[in-house]
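One structure is given here, and the rest of the page talks about it.
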Amino acid sequence: MRETFPVGPLACNCSILGDEEAHEAIVIDPGDDVSHIHKRLAELGLELKQILITHAHIDHVGGALKLKRLTGAPIFLNENDLPLLKMMPAQAAWLGVHAPETAPPDESLTDGQIVGLARYPMNVMHTPGHTQGSVCLHIAPLKLLIAGDTLFAGSIGRTDLPGGNFDQIIDSIHTRLLPLADETMVLPGHGPMTTMGEERKSNPFLQPK
Ligand SMILES: [Zn+2]
């Protein structure tokens, strides 16, 4: 099962991916609303195994430590986003909210690493550009790409914040994401789902140079 719902003031897409036979789950991008996430895990009877963070912006990582304390699950985040994680008070100030408590991740998410559940193995793709530690997660059995803020329906992630680089995000998308098959479903960090085929056809940032 997969359940995706917006969390926090920036409506970050948080997902619970669960194996109901093994009673295991992972959570991706628990940016906020941790009590709701924790309640859903309990209602579904799922034990949380991993907390996966696509990048260290506050709206994606803000609730991770709270969720770890409630469940004991380790936090995974690419090490290139550690400088951003340390900037949490500044990130909170940009939004005018209180800074959530953070801690270094238990493990780095590295390119080519396999994370997730036995039933839903996820291939980590390091796709820098929105931030230096941005990753996408490709779940081949589900034909699903969890894209973080690298790729949106009709757009791409902003690159004007610290650690952002426009040429790099374009390169990441062209070399890593465009090779994925048209029928691959894309779950972005914000907004509606799309497919690689739809984005290949209509996303202005994905057209050949
Ligand atoms: Zn972001």
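Counting starts at 1 for both ligands and their atoms, following the listed order. No hydrogens, no waters, no symmetry mates; every other heavy atom, side chains included, goes into these values.
- Excluding waters, the protein N/O/S atoms found under 2.8 Å from the Zn ion (ligand 1) are His55 NE2, His57 ND1, His130 NE2, Asp149 OD2.
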With a 3.5 Å cut-off and sequence neighbours excluded, list the donor-acceptor pairs that the side chains of residues 84-91 form with protein atoms.
unit_1: Gln91; atom_1: OE1; unit_2: Ile58; atom_2: N; d: 2.7
unit_1: Gln91; atom_1: NE2; unit_2: Ala56; atom_2: O; d: 3.0
unit_1: Gln91; atom_1: NE2; unit_2: Leu84; atom_2: O; d: 3.0

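- Residues that satisfy the ring pair (Phe, Tyr, Trp, His ring centres under 6.0 Å) test with His23, not counting sequence neighbours, are absent from this structure.
- The closest side-chain heavy-atom distance from Phe152 to Phe205 is not below 4.5 Å.
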Report task. Under the side-chain hydrogen bond (donor to acceptor under 3.5 Å, both in side chains) rule, what do His190 and Asp59 come out as? Steps first, then yes or no, please. Result -> CA-CA 10 Å; His190 302 267; Asp59 50 325; 3.1 Å; yes
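- Residue Glu183 places its CD atom among more than 12 non-hydrogen atoms of other residues, nucleotides or ligands, all under 6.0 Å distant.
- Sorted by first then second residue, the ring-ring contact (aromatic ring centres under 6.0 Å, His included) pairs that include residues 62-116, not counting sequence neighbours, number zero.
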